[in-house]
There are 2 protein chains.
Amino acid sequence: MVKKQSKKEIIIQEAAIIFKQKGYAATSMRELAEKVGMEAASLYNHIRSKDEILEEICFKVANQYVSHISSIEDTKESNIQKLRDLIQLHVRMIIADPNEVSVANNDWKNLSETKKELYKTIRKGYEKRIANLIKAGIEAGEFKDLNVSVALFTLLSSLRWIELWYKPGRDISPEQLENDLMTLLINGFQK
Amino acid sequence: MVKKQSKKEIIIQEAAIIFKQKGYAATSMRELAEKVGMEAASLYNHIRSKDEILEEICFKVANQYVSHISSIEDTKESNIQKLRDLIQLHVRMIIADPNEVSVANNDWKNLSETKKELYKTIRKGYEKRIANLIKAGIEAGEFKDLNVSVALFTLLSSLRWIELWYKPGRDISPEQLENDLMTLLINGFQK
DNA sequence: CCTACCGATCGGTAGG
DNA sequence: CCTACCGATCGGTAGG
């Protein structure tokens with residue numbers, strides 16, 4: 001049962017597609033309006049500004065990542081298993097919403113100054129929690145003795161091609177994708 | 001001995017810094033002119049267009065990557081060692097030119113239609129050569145039996161945070177950085 | 001949701 | 001390298 005989308009949701013969804021293709025700054029409201037099937041001026045009956053669309057996308061994605069990491073932290077699993085869960089989380093978030101994840105990752109720079117600071121704060125908080133997971137794994141002797149920043153950013157960065165590459169038609173299933181990613185990354189981390 | 005830069009080179013260098021910060025589309029020629037210390041109209045005595053700046057940056061970077069990979073392919077080393085050399089190549093290219101590498105990776109979408117196609121062709125050719133290296137490693141029994149696309153893009157993607165993070169003041173040297181990266185990635189690949 | 005329209009800013013040119 | 005300026009396009013508003 002598909003929930004009926006509001007016009008605002010449709011506008012944001014279409015915007016995410018175009019922003020991903022050409023970037024936020026290079027996309028005009030007239031182009032977006034055409035995709036949605038109305039005049040540019042009419043968009044403003046549903047959204048307040050171009051800015052607002054970007055904000056909704058970026059903070060929706062950021063909040064989703066943050067909200068899921070708590071459940072990983074709270075388990076009593078090994079740090080290796082937590083790392084597996086984290087990789088799975090990222091893969092599934094990207095496959096569920098590739099356009100919005102892509103826009104958040106690439107176009108957050110175009111947020112207004114205050115929103116940009118907020119976004120960076122949220123992201124740093126998220127990174128900090130993963131850094132702690134990595135530290136715990138190193139201290140427990142589960143992970144190799146790596147520089148934490150290098151391990152952290154290599155991990156997060158290594159998952160970012162998926163949002164640009166994966167589509168349902170690929171000759172690899174999400175499960176296979178997760179499996180190969182875990183093989184590559186877990187073996188890099190594990191002592 | 002530092003070679004004296006032409007005004008055009010200075011303009012492109014400054015442009016790379018601003019494009020990296022705010023993106024190509026969100027940067028105005030007036031802003032660039034101010035950084036360079038002249039009026040916007042005067043820029044056009046040195047460059048033909050805003051487009052041209054982006055083209056110079058993107059193709060300079062692309063050609064550098066391509067020109068270096070031949071020397072890796074031509075050695076008689078193991079595929080593992082070739083992979084190490086490739087990681088080193090990327091790290092050194094990024095440290096040598098973080099702004100331009102970053103712009104090429106993030107703003108190539110803003111190239112004109114024909115230049116964008118050319119850029120994509122060059123990049124695909126580069127990726128194909130690395131894919132062949134990975135295939136050879138798998139067939140030789142040096143690498144794990146991974147999906148080649150997943151291995152390829154995970155490798156390339158995992159190196160892309162460096163251009164955003166690394167600066168001379170970091171508490172980690174380029175050598176340490178290369179070392180930890182190789183530990184992480186080689187152990188992921190190696191059988 | 002549309003027509004009509006605004007002020008601001010954009011990349012770029014002419015002419016010196 | 002600057003002054004003066006152009007046409008085009010931008011995000012957005014008024015009023016219905």
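Lettering of chains follows the sequences in order, A, B, ..., and the numbering in each one begins at 1.
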Base-contact (B) and sugar-phosphate-only (S) positions in nucleotides 2-15 of chain C, heavy-atom cut-off under 4.0 Å, - elsewhere: BBB-----BBBB--
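In the model, A/Asn105 has a side-chain atom that pairs as donor or acceptor with a side-chain atom of A/Glu163 under 3.5 Å.
Atom OG of residue B/Ser157 and atom CG of residue B/Leu155 lie 9.5 Å apart, to the nearest 0.5 angstrom.
When Watson-Crick and G-U wobble pairs are counted only if both distances are under 3.5 Å, C/dC6 pairs with D/dG11. Base pairing analysis places C/dG16 opposite D/dC1; the two distances defining the Watson-Crick or G-U wobble pair are each below 3.5 Å.
The number of heavy-atom neighbours closer than 6.0 Å to NE2 of A/His68, taken from other residues, nucleotides and ligands shown, is 12 or below. Around the CD atom of B/Glu34, the shell of radius 6.0 Å holds no more than 12 heavy atoms that belong to other residues, nucleotides or ligands.
If you chain together hydrophobic residues whose side chains sit under 4.5 Å apart, A/Val101 and A/Leu164 never meet in one group.
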